[in-house]
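All values below come from the heavy atoms of this structure, side chains included, with hydrogens, waters and symmetry mates left out.
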Amino acid sequence: MKNTFKLTVIAAIVALTAGCVQQADNENTASAISEEITSNPVTLYIADDIITMSESAAENITAIAVQNGKILDLGESAELLERYAEHPNLLVDKQFEHNVITPGFVEPHIHLWLSGILMSTDFITPGDWKLPWGDVAGVQTEETFIRRLREIEATKPEGEPLIVWGYHNYFHGNRMGRELINQVSDTRPIIVWHRSFHELFYNDAALNMLGWEESDWKGEGAAYEQLDWERGHAFENGAKVVLNDTLKFLVESGRFAMGMERTRDYVQSAGITTAVDPGVIATPEMYQQMVSILLDDDFPMDYWLMPAGNFTYSAGGYDALKGKAIAESQTQSYKGQDQIQWLPKFVKLFSDGAMYSQLMQLKDGYTDGHHGEWLQTPEELEDSMRPYWEDDYTVVIHANGDLGFEAAIEVLETLNKETPRDDHRTSFHHLGITDKNDIPRAVKSGANFSVNPYYTHVLAELYSEKGVGKERAEVMARGRSFIDAGGILSLHSDAPMAPAQPITLMWAAVNRIGLSGETVMGSSERITVHEAMKAITIDAAYTARLENEIGSIDVGKYANFAVLDQNPYKVDKQDLNDINVMATVYRGESSLINVSNAGMKVTANSLSVLELENHYGHNHEGKAHGDFCETALYMQQAMGKVVN
């Protein structure tokens with residue numbers, strides 16, 4: 001229960017005589033507050049430790065006055081208690097008095113709609129997971145996978161379909177398929193989804209439930225070559241053929257709705273009050289269900305969407321104007337509601353391939369001789385971006401390798417020369433491998449940068465030995481170089497690819513500790529705790545043009561806060577990851593958190609799983625296994641006919 005009380009004049013006097021120091025000046029006494037302020041309730045949030053991230057707020061702030069969801073006033077608690085003592089409807093909230101209040105965290109690159117699909121399933125994964133609805137212990141053998149599958153199947157009501165996610169052939173064997181799943185049940189529909197999202201396995205009952213016959217899996221072209229009816233196995237392009245029917249089932253059965261409910265809790269558990277989702281592709285049914293579920297209960301965050309311009313470009317026959325028209329049509333037909341809205345005039349485009357599958361484009365190539373891939377060639381990127389640029393759009397560009405980054409910078413420079421713009425805020429995202437010499441060019445061109453620092457933790461040690469080499473791998477996901485060049489840097493997760501935990505991202509960027517836990521990868525690229533805090537608050541807000549509304553605790557901004565159990569500035573930087581999120585406050589309303597910082601558990605088991613997945617999880621045949629921006633592209637292609 002909240003520790004709150006309505007403050008009367010007597011209560012105010014008692015509070016002050018209990019030890020509060022009076023600091024009000026004569027012009028700001030309670031009698032001086034305006035009629036406009038007294039006409040609406042005011043809540044005072046009191047805390048011993050408030051981190052404002054403000055350039056103008058005074059030091060030693062211990063109280064925040066909130067009215068109508070916005071920050072009305074800041075100061076020391078005694079000062080504000082006296083100033084608003086005679087307010088007829090004042091609530092003093094002391095539930096966080098001994099915690100730390102910071103601005104609500106801003107996630108500039110997260111995919112809630114993909115998480116909604118993932119979270120709708122039962123997890124049987126190699127790694128351990130800590131989730132708001134219960135922990136999941138990882139299993140690493142075929143025997144234990146089938147045993148867990150049988151255990152879950154036995155708990156389900158008769159006839160209820162079962163979908164599990166997390167099968168991985170490196171751990172769970174290569175026998176997965178129709179025959180093996182039928183041994184678990186030949187009457188219950190069961191679908192086993194590969195951890196990469198790119199493969200699915202169906203038993204007989206699932207094939208029947210979805211109304212498929214063998215003829216539906218037969219046809220001409222590469223897609224049908226990747227469908228195996230006898231095994232009940234759909235993979236890569238073949239999976240795209242069957243995905244629409246599978247997603248339709250998720251929506252109609254209510255499973256996607258459950259996944260979105262879980263996603264809401266998962267994201268809030270990390271202290272996120274603003275989530276930006278670049279590149280949303282969903283069927284109309286999925287979109288409407290996503291919106292209705294998220295808004296069905298208290299949804300303590302803003303969720304900003306932007307179209308995937310690469311997809312609409314291809315859907316428009318590689319006609320840039322048609323692609324832009326399709327993207328704009330999407331934002332009109334998929335109506336925003338309440339705090340779920342399309343960022344005005346934002347679009348996402350792509351440069352090169354994924355980090356996890358080692359398909360980023362590198363200037364000096366790979367040490368084993370394989371080649372990266374373009375998701376949009378430089379020519380396609382320039383062509384598709386031009387009409388957005390000329391219409392004053394803000395463009396987010398997925399770029400992972402140094403060649404992909406350089407090519408995207410050249411596109412930006414070309415367009416800026418053709419049609420100069422002062423505040424375009426083109427934002428490069430992910431930035432796995434970058435050439436330090438290219439960064440000043442991008443800064444000079446007016447770009448900002450959003451890095452996924454988790455790459456360093458889970459990939460840098462492995463890539464030092466395989467594919468990339470020590471010199472480049474150690475400085476992957478740079479931090480210091482962007483800031484020293486004068487750039488604005490934010491941190492993101494690309495969740496569900498990395499944990500949707502800004503504190504974990506901060507820990508990764510500040511420490512740059514490899515997966516072994518023993519090696520610092522590229523110490524010269526470490527950033528300070530303050531720089532990292534900016535990168536998950538005010539500077540992350542800047543990338544979405546929201547810095548005047550959120551990102552710091554300042555008068556006039558929305559009252560969005562994260563409540564922590566420890567101060568990031570006061571703990572050992574290697575212990576940042578141990579900070580728990582106790583609650584969030586969204587537009588003045590608090591929501592407590594039961595399980596803080598949910599996601600894959602950082603256990604010895606999970607670390608060994610990640611190491612093995614990283615070792616084998618990338619291949620060089622144009623297939624990505626593990627990068628959820630790649631998975632988003634995969635979903636886009638699968639649902640192309642639906643959204644058109």
Side-chain angles (χ1 to χ4, degrees), residues 2-3 45-53 64 93-108 110 112 115 119 129-135 261-275 298-303 453-454 490-493 495-496 498-510 529 532-538 540-541 550-553 558-602:
K2 295 181 181 179
N3 178 21
Y45 280 99
I46 307 293
D48 296 334
D49 207 345
I50 297 177
I51 301 170
T52 66
M53 303 307 298
I64 309 168
D93 192 324
K94 290 190 174 184
Q95 64 178 323
F96 308 128
E97 185 173 18
H98 302 303
N99 297 130
V100 182
I101 295 179
T102 77
F105 297 144
V106 181
E107 231 297 2
I110 187 172
L112 297 194
S115 295
M119 299 296 181
W129 286 77
K130 173 187 176 184
L131 298 167
W133 51 94
D135 289 0
E261 289 175 349
R262 288 178 165 183
T263 295
R264 176 184 61 206
D265 296 341
Y266 168 62
V267 174
Q268 193 228 346
S269 76
I272 296 170
T273 57
T274 302
D298 293 333
F299 182 45
M301 68 187 70
D302 290 311
Y303 181 27
Y454 209 66
S490 64
L491 303 177
H492 70 264
S493 68
Q501 300 169 8
I503 289 176
T504 295
L505 302 180
M506 180 167 65
W507 169 85
V510 168
V529 170
M533 279 293 294
K534 289 180 65 179
I536 60 174
T537 56
I538 188 62
I550 58 169
S552 65
I553 297 176
Y558 284 112
N560 293 353
F561 315 134
V563 183
L564 313 180
D565 67 346
Q566 299 179 80
N567 187 321
Y569 292 90
K570 297 178 182 178
V571 302
D572 188 295
K573 66 181 183 180
Q574 293 194 27
D575 296 330
L576 287 168
N577 215 21
D578 294 331
I579 295 175
N580 289 309
V581 181
M582 310 303 293
T584 60
V585 176
Y586 172 72
R587 299 194 180 185
E589 297 293 328
S590 62
S591 299
L592 300 180
I593 292 170
N594 294 323
V595 178
S596 174
N597 290 322
M600 181 179 280
K601 279 188 175 181
V602 184

Where the side chain of Y266 meets the backbone of A500, is there a donor-acceptor pair that is under 3.5 Å apart? yes

Taking atom CD of E107 and atom CD of Q501, what is their separation to the nearest 0.5 Å? 10.5 Å

Can you list the residues that meet the side chain to side chain contact (heavy atoms under 4.5 Å, CB included) rule with A47, with sequence neighbours excluded? I50, I101

Side chains of I579 and P568: closer than 4.5 Å at any heavy-atom pair? yes

Quick one: do the Q574 and D572 side chains pair a donor with an acceptor below 3.5 Å? no

Under 30°, 30 to 60°, or over 60°: which ring-plane class applies to Y45 and F96, parallel, tilted or perpendicular? parallel

Taking only residues two or more places apart in sequence or in another chain, which ones pass side-chain hydrogen bond (donor to acceptor under 3.5 Å, both in side chains) with N99? none

Are any of the side-chain heavy atoms of M53 and I553 separated by less than 4.5 Å? no

Nearest-0.5 Å distance, CD1 of residue I46 to NE2 of residue H98: 11.5 Å

Closest heavy-atom contact between S552 and P103? CA-CG, 3.8 Å

Passing candidate, side-chain hydrogen bond (donor to acceptor under 3.5 Å, both in side chains) with Y586, options N560, D302, T273: D302

Euclidean distance, T584 OG1 relative to E589 CD, rounded to 0.5 Å: 11.0 Å

Any non-hydrogen side-chain atom of V585 less than 4.5 Å from a side-chain atom of S590? yes

Taking all heavy atoms of I272 and all of M301, pick out the closest pair and write down the distance. O-CE, 3.8 Å

Do I110 and H492 have side chains that approach each other closer than 4.5 Å (heavy atoms only, starting at C-beta)? no

Name all residues meeting the side chain to side chain contact (heavy atoms under 4.5 Å, CB included) criterion together with A535; count only those two or more places apart in sequence or in a different chain, and write none if there are none. L491

If you measure from CG on L505 to OG on S490, what distance do you get to the nearest 0.5 Å? 10.0 Å

Locate the shortest heavy-atom distance separating V100 from I51; write the atom from each residue and the value. CG1-CD1, 3.8 Å

What is the distance from atom CD of Q95 to atom CE of M582, rounded to the nearest 0.5 Å? 10.5 Å

Measuring from D565:CG to N580:CG, what's the distance to the nearest 0.5 Å? 4.5 Å

Report yes if some heavy atom in the side chain of D49 is under 4.5 Å from a heavy atom in the side chain of K570; otherwise report no. yes

